[in-house]
There are 2 protein chains.
Amino acid sequence: MPEAFDQHIALTVDVVIFTLLDDELKVLLIRRRHEPFAGMWALPGGFVQPDESLEEAARRVLYEESGATDVYLEQLYTFGHPERDPRQRVVTVAYFALVSADRLPLDVQSPRSTERGWWPAYEPPPLAFDHADILAYALQRLRYKLEYTAVGFQLLPETFTLTELQTAYETILREQLDKRNFRRKVLSAGILEETDEFKSGGHRPARLYRFRREATVESTARRLFP
Amino acid sequence: MPEAFDQHIALTVDVVIFTLLDDELKVLLIRRRHEPFAGMWALPGGFVQPDESLEEAARRVLYEESGATDVYLEQLYTFGHPERDPRQRVVTVAYFALVSADRLPLDVQSPRSTERGWWPAYEPPPLAFDHADILAYALQRLRYKLEYTAVGFQLLPETFTLTELQTAYETILREQLDKRNFRRKVLSAGILEETDEFKSGGHRPARLYRFRREATVESTARRLFP
DNA sequence: GCAAAAGTGTTTAAGATACACCCATGT
DNA sequence: ACATGGGTGTATCTTAAACACTTTTGC
């Protein structure tokens with residue numbers, strides 16, 4: 001890192017906030033009030049303040065826009081094409097967050113205003129800046145992580161049934177999974193613990209499970225080489 | 001992304017440049033001439049210029065410091081702790097590069113000066129700033145990628161023997177691999193093509209192989225869930 | 001002819017996949 | 001009693017892992 005003065009590049013964070021609502025994977029979008037791209041939808045974001053770390057900035061934006069705290073948040077990628085903002089050079093560090101719907105304030109779950117809303121993550125409206133690229137990348141990363149880690153629990157409430165968990169996976173991966181294989185695999189992975197409670201709405205009550213926090217299941221990707 | 005002016009955060013790129021020399025995984029380090037950390041070793045880096053993308057900045061640093069072009073380069077992570085540079089707020093986008101030794105100019109392969117050198121990646125000297133964290137993270141990512149992609153070829157010359165390839169993997173992963181299993185797996189993956197040439201130095205000549213560029217082998221990680 | 005690295009198959013174990021019926025409850 | 005989602009086991013196939021000897025060349 002040579003010595004020189006910086007060249008006045010602005011630095012922001014943008015946060016792709018995912019949740020499950022109505023059996024669909026949703027992403028939180030904010031309508032832009034100012035040019036450029038006024039009236040278009042965009043990812044929540046903000047400038048990094050001088051005294052906060054990048055993750056602190058992302059958590060701040062996450063809280064300001066969704067009200068959620070203590071949720072899963074991961075740095076995604078840094079986007080820095082010189083023309084990505086027509087006004088000035090802006091480099092953005094993108095994060096993605098997974099929030100279970102029950103941790104969202106009610107007015108965020110179903111926003112009344114037309115200035116903010118949960119959009120189907122796979123069918124977003126046209127987005128400002130390069131936010132469509134950022135969202136596409138976040139979706140790819142989410143699918144990828146889902147396949148080899150236990151991160152899917154972050155989108156469910158504290159306790160959940162196995163069917164709810166499976167449905168969450170199916171929703172995000174957009175494919176059907178076999179019930180018996182799913183249950184066997186998720187149970188033998190040792191990342192869940194039974195509770196004594198059952199969820200009884202409608203028909204046969206289903207056992208509720210809880211994610212075991214101590215289980216670090218980064219799992220075992222299949223090696224390409226021996 | 002709300003409207004506001006940026007707060008004068010400097011933006012740099014740092015590049016972790018790996019190569020294989022003397023059957024060891026090496027990383028290129030530069031000795032710092034100025035405070036802070038004058039005299040200590042650091043990763044090559046530089047400020048992002050107003051008109052260049054992040055990757056262009058990384059390739060520029062890569063070329064300036066190693067002379068290498070057209071090599072594997074991937075964005076690693078963005079480090080932005082407020083105190084990581086004692087002078088001012090500096091956020092750095094870290095990249096890592098894989099360079100085969102034969103693509104390095106001779107004076108870079110064996111630098112005469114004491115201002116620059118190839119250090120064992122797993123036993124680096126004390127590093128300036130948070131560069132030890134960056135290097136550790138790059139090593140982790142390299143090992144990880146090696147296990148499920150074909151990226152290891154990037155560290156070898158245009159053609160190579162299977163033993164050379166296996167040795168490269170063993171060097172980076174720091175574990176022994178079974179010769180028969182390794183060969184079967186790498187050959188059945190369809191990412192290599194035979195050449196008609198043999199490498200004959202010493203004993204029985206070994207067939208030379210070439211990486212098939214068209215083979216996109218991001219491979220098939222084993223799913224945690226069905 | 002011998003030292004040194006190249007090259008080659010098989011057996012066993014583990015894990016993935018495909019598949020169909022009974023159970024407990026609310027109405 | 002029936003409709004609905006909850007819950008369970010097995011057989012087969014694919015893939016990973018362990019393992020030792022023959023071949024070809026240079027000296």
Side-chain angles (χ1 to χ4, degrees), chain A residues 20 22-23 146-150 156-157 159-171 173 175-210 217-226, chain B residues 22-23 144 146-150 156-157 159-171 173 175-210 217-226:
Chain A
L20 287 173
D22 311 324
D23 281 327
L146 217 59
E147 288 185 354
Y148 69 95
T149 73
L156 292 175
T159 64
F160 46 85
T161 70
L162 291 184
T163 299
E164 287 168 346
L165 181 60
Q166 181 175 345
T167 303
Y169 272 78
E170 290 175 337
T171 300
L173 298 176
E175 62 181 288
Q176 297 298 111
L177 303 175
D178 180 88
K179 182 159 65 162
R180 280 166 295 188
N181 291 342
F182 182 84
R183 292 162 105 89
R184 177 176 13 185
K185 205 158 184 178
V186 77
L187 288 176
S188 70
I191 50 188
L192 295 188
E193 60 186 23
E194 287 189 356
T195 69
D196 296 333
E197 292 168 283
F198 289 81
K199 177 168 196 167
S200 55
H203 303 285
R204 173 172 174 177
R207 183 177 289 278
L208 287 165
Y209 290 81
R210 171 186 295 117
V217 187
E218 266 295 320
S219 159
T220 54
R222 172 197 293 163
R223 288 184 165 196
L224 179 55
F225 300 107
Chain B
D22 312 323
D23 281 327
Y144 191 68
L146 218 59
E147 288 184 354
Y148 70 96
T149 73
L156 293 174
T159 63
F160 47 85
T161 69
L162 291 184
T163 300
E164 287 168 348
L165 181 61
Q166 181 176 345
T167 303
Y169 272 78
E170 289 175 338
T171 300
L173 298 176
E175 63 182 287
Q176 296 300 109
L177 303 175
D178 180 87
K179 182 157 65 158
R180 282 165 295 188
N181 291 343
F182 182 84
R183 292 161 106 89
R184 180 185 23 244
K185 205 159 183 176
V186 77
L187 288 176
S188 70
I191 50 188
L192 295 187
E193 61 187 20
E194 285 189 358
T195 69
D196 296 335
E197 292 169 284
F198 289 80
K199 177 165 195 168
S200 54
H203 304 286
R204 175 172 174 177
R207 182 177 290 277
L208 287 164
Y209 290 81
R210 170 186 295 118
V217 188
E218 268 295 322
S219 159
T220 54
R222 173 195 294 164
R223 288 183 165 197
L224 179 56
F225 300 107

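Chain letters run A, B, ... following the sequence lines, proteins first and then strands; every chain starts at 1.
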Roughly how far, to the nearest 0.5 Å, is [atom2] of [Y] from [atom1] of [X]?
X: B:Thr159; Y: B:Tyr209; atom1: OG1; atom2: OH; value: 12.0 Å
X: B:Asp178; Y: B:Lys185; atom1: CG; atom2: NZ; value: 11.5 Å
X: B:Glu170; Y: B:Lys179; atom1: CD; atom2: NZ; value: 10.5 Å

- [ ] Spell out, as yes or no, whether a donor-acceptor pair under 3.5 Å connects the side chain of A:Glu194 to the backbone of A:Arg207.
- [x] no

Would you list the protein and nucleotides 9-12 of chain D atom pairs, both N or O, that sit under 3.5 Å from each other?
unit_1: D:dG9; atom_1: O6; unit_2: A:Arg184; atom_2: NH2; d: 3.4
unit_1: D:dT10; atom_1: O4; unit_2: A:Arg184; atom_2: NH1; d: 3.0

How many Å lie between [atom1] on [X] and [atom2] on [N], as a whole number?
X: B:Arg183; N: D:dC21; atom1: CZ; atom2: C1'; answer: 15 Å
X: A:Glu175; N: C:dT17; atom1: CD; atom2: C1'; answer: 13 Å
X: A:Tyr209; N: D:dG6; atom1: OH; atom2: P; answer: 12 Å
X: A:Lys199; N: D:dG7; atom1: NZ; atom2: P; answer: 12 Å
X: B:Leu162; N: C:dT8; atom1: CG; atom2: C1'; answer: 12 Å
X: B:Glu164; N: C:dG7; atom1: CD; atom2: P; answer: 11 Å
X: A:Leu187; N: D:dG6; atom1: CG; atom2: P; answer: 14 Å
X: A:Glu194; N: D:dG6; atom1: CD; atom2: P; answer: 16 Å

- [ ] Examine C:dT8: is either OP1 or OP2 under 4.0 Å from a nitrogen or oxygen in the side chain of B:Lys179? Give yes or no.
- [x] no

Open item on the list: When you measure from the side-chain N and O atoms of A:Thr163 to the phosphate of D:dG6, is any distance below 4.0 Å, counting only OP1 and OP2?
Closed with: yes

How about [X] and [Y]: do any of their side-chain heavy atoms sit closer than 4.5 Å?
X: A:Arg183; Y: A:Thr163; answer: yes
X: A:Thr167; Y: A:Phe160; answer: no
X: A:Leu177; Y: A:Tyr169; answer: yes
X: B:Leu173; Y: B:Glu147; answer: yes

Task: A:Gly201 or B:Thr161, whichever maps to the more 5' nucleotide of DNA chain C - done: B:Thr161

- [ ] Work out which heavy atom in A:Thr195 is nearest to a heavy atom in A:Leu208; give both atom names and the distance.
- [x] OG1-O, 2.8 Å

Could you run down the sub-3.5 Å N/O contacts of the protein with nucleotides 23-25 of chain D?
unit_1: D:dT23; atom_1: O2; unit_2: B:Arg204; atom_2: NH1; d: 2.6

